[in-house]
Number of protein chains: 2
Amino acid sequence: MNLPPLCEAFVLHFGEMGSRWGVNRTVGQIYAVLFIAEAPLCADDLVERLGISRSNVSMGLKELQSWNLVRQRPVAGDRRDFFTTPDDIYSIVRTLVNERKKREIDPTLSMLRELLMQTPANAQEQHAQSRLKDMHELIELLTAWYADIEKLETDRLIQLLSLGSKVAKILEVKDRIFALPGGKGRQTPSSTPNRG
Amino acid sequence: MNLPPLCEAFVLHFGEMGSRWGVNRTVGQIYAVLFIAEAPLCADDLVERLGISRSNVSMGLKELQSWNLVRQRPVAGDRRDFFTTPDDIYSIVRTLVNERKKREIDPTLSMLRELLMQTPANAQEQHAQSRLKDMHELIELLTAWYADIEKLETDRLIQLLSLGSKVAKILEVKDRIFALPGGKGRQTPSSTPNRG
DNA sequence: CTCAGTTTTCAGATATTCCTGAAAATAGAG
DNA sequence: CTCTATTTTCAGGAATATCTGAAAACTGAG
């Protein structure tokens, strides 16, 4: 591996992590090299830095592109293809989550829905269905939450994440305000006027 | 595989998913069978239902136990070991996230911190560090958020997740209330009295 | 202690995934 | 069109991961 020590350490670790997250080691390493690169790299740059075969790089890049994790950028006066990762790390995470959702969560949800539609043939299947129902509800809750959160501007997102569970305390404040004696009952937050 | 069709479909899908999340297929299947089982199962039950070797079951259970994902439950009048998954699916997810954090996120954070302490030897390393800094900050933000959220009671958690980005609107309400003209300036939510 | 039932270990067999070099395909310049 | 630079494909070899049966280790009853 032809990289400065600091870079090599990162690339090796990232490759290892990749392999625990369902991506093969080399693909993780390719991504890592692109992530920390100062400028767009071409396939041969990756061959040189990682010491792997040209065809391996080609396959790795193809996989990363299918995940929308790397972008192909033209470089003036050079026929070769150059690749980069987005500068904005938040957009990287959004992409990653969206892709995994599309490939793993969505098919799982439809599998669960399908099995929940079936009429259970016996007590065993009936009990299984009740477990699947719990799982289905939880995944729906999480994905609905994410779909909602994902729309926020990065700044608002950071603000929200920084608050963490303190939001729960704000909920209490809200409850006290909108649940005044003699009031019209509990209002949903979306019914409050919105300065957008 | 010796399971009713509905169960088998779930177990197969879950095993497949497991293999995309860094767990081997069989371990995923063992977990799936336990998850939908009506009662605690012993190793031989798993051998029969999955049609795999006794030793494979033993290794799979050992791995699941090391993740705290299955519990060993004694059954009266039976010397064999019986296994279950927790009934509460929320506690399952908490365990899963905590374990992955411990095994993957924490080591990554310390790797990043270590590399950020080093003095960059050249422009390339310097640029790499600035990228690693972004990554480190993002992971810290996310883990701090999770650490905070994780403490909530399940009910509150569900309430919070259900709100999704509507929370952002509550923030605006809060801002309007606490930023009244002539007020004492912005207060943090944690400084409000807490009923609880 | 001995013994039968049960679980764990682990070397080797099997299966899967990954990587490579060679050849084919593609694309732009002239 | 031809020629060259570049990328992609893919069969087969290399490396990993997974699975099994046999043997060892453990455990509680008697």
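Within every chain, numbering begins at 1; the chains are lettered A, B, ... in the order of the sequence lines, protein sequences first and strands thereafter.
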Practice task
Would you check if A:P5 and B:E125 make a side-chain contact, meaning some heavy-atom pair closer than 4.5 Å?
Solution key: yes
Handout entry: 4.5 Å side-chain heavy-atom contact, A:I92 and A:F35
Key = yes
Exercise for the section: Would you mind reporting whether B:S58 and B:R54 have side-chain heavy atoms less than 4.5 Å apart? Expected result: yes
Fill in the blank from the handout: Residues passing the ring pair (Phe, Tyr, Trp, His ring centres under 6.0 Å) test with B:W145, sequence neighbours excluded, are A:W145
Handout entry: A:R131 side chain vs B:D87 backbone, donor-acceptor pair below 3.5 Å
Key = yes
Exercise for the section: Without swapping roles, check the side chain of B:Q129 against the backbone of B:L115 for a donor-acceptor pair under 3.5 Å. Expected result: yes
Handout entry: Verify same cluster id: A:M17, B:L142 (apolar side-chain graph, 4.5 Å)
Key = no
Handout entry: Residue pair A:L6 / B:L132, side-chain heavy-atom distance below 4.5 Å
Key = yes
Problem - Cluster check B:W21, A:W67: I/L/V/M/F/W/Y, side chain < 4.5 angstrom - result: no
Fill in the blank from the handout: A:R49 meets the side chain to side chain contact (heavy atoms under 4.5 Å, CB included) criterion, sequence neighbours left out, with A:L3, A:V33, A:L41, A:D45, B:Q124
Practice task
Considering just the side-chain nitrogens and oxygens of A:N24, establish if one lies under 4.0 Å of OP1 or OP2 belonging to C:dC19.
Solution key: yes
Completion exercise
To the nearest angstrom, the CG-P distance between A:D81 and C:dG28 comes to 10 Å
Fill in the blank from the handout: Expected list for residues 37-55 of chain B near DNA chain D, using heavy atoms below 4.0 Å, is B:I52, B:S53, B:S55
Practice task
For the pair A:F14 and A:F10, name the ring-plane relationship: parallel under 30°, tilted 30 to 60°, perpendicular over 60°.
Solution key: tilted
Exercise for the section: For residues A:T154 and A:I158, determine if any side-chain heavy atom of one lies less than 4.5 Å from a side-chain heavy atom of the other. Expected result: yes
Completion exercise
Bounded by its outermost nucleotides with an atom under 4.0 Å from a heavy atom of chain B, the footprint on DNA chain D reads D:dT18 to D:dT27
Handout entry: DNA chain D contacts made by residues 63-79 of chain B, counting heavy atoms under 4.0 Å
Key = B:R79
Problem - Donor-acceptor contact below 3.5 Å, side chain A:R94 vs main chain A:E150 - result: yes
Taking only nitrogen or oxygen atoms into account, show me every contact under 3.5 Å that the protein makes with nucleotides 12-16 of chain C, one pair per line with its distance.
none

Exercise for the section: Using the closest heavy atom to pick a nucleotide of DNA chain D for each, name whichever of A:R80 or A:M59 lands nearer the 5' end. Expected result: A:R80
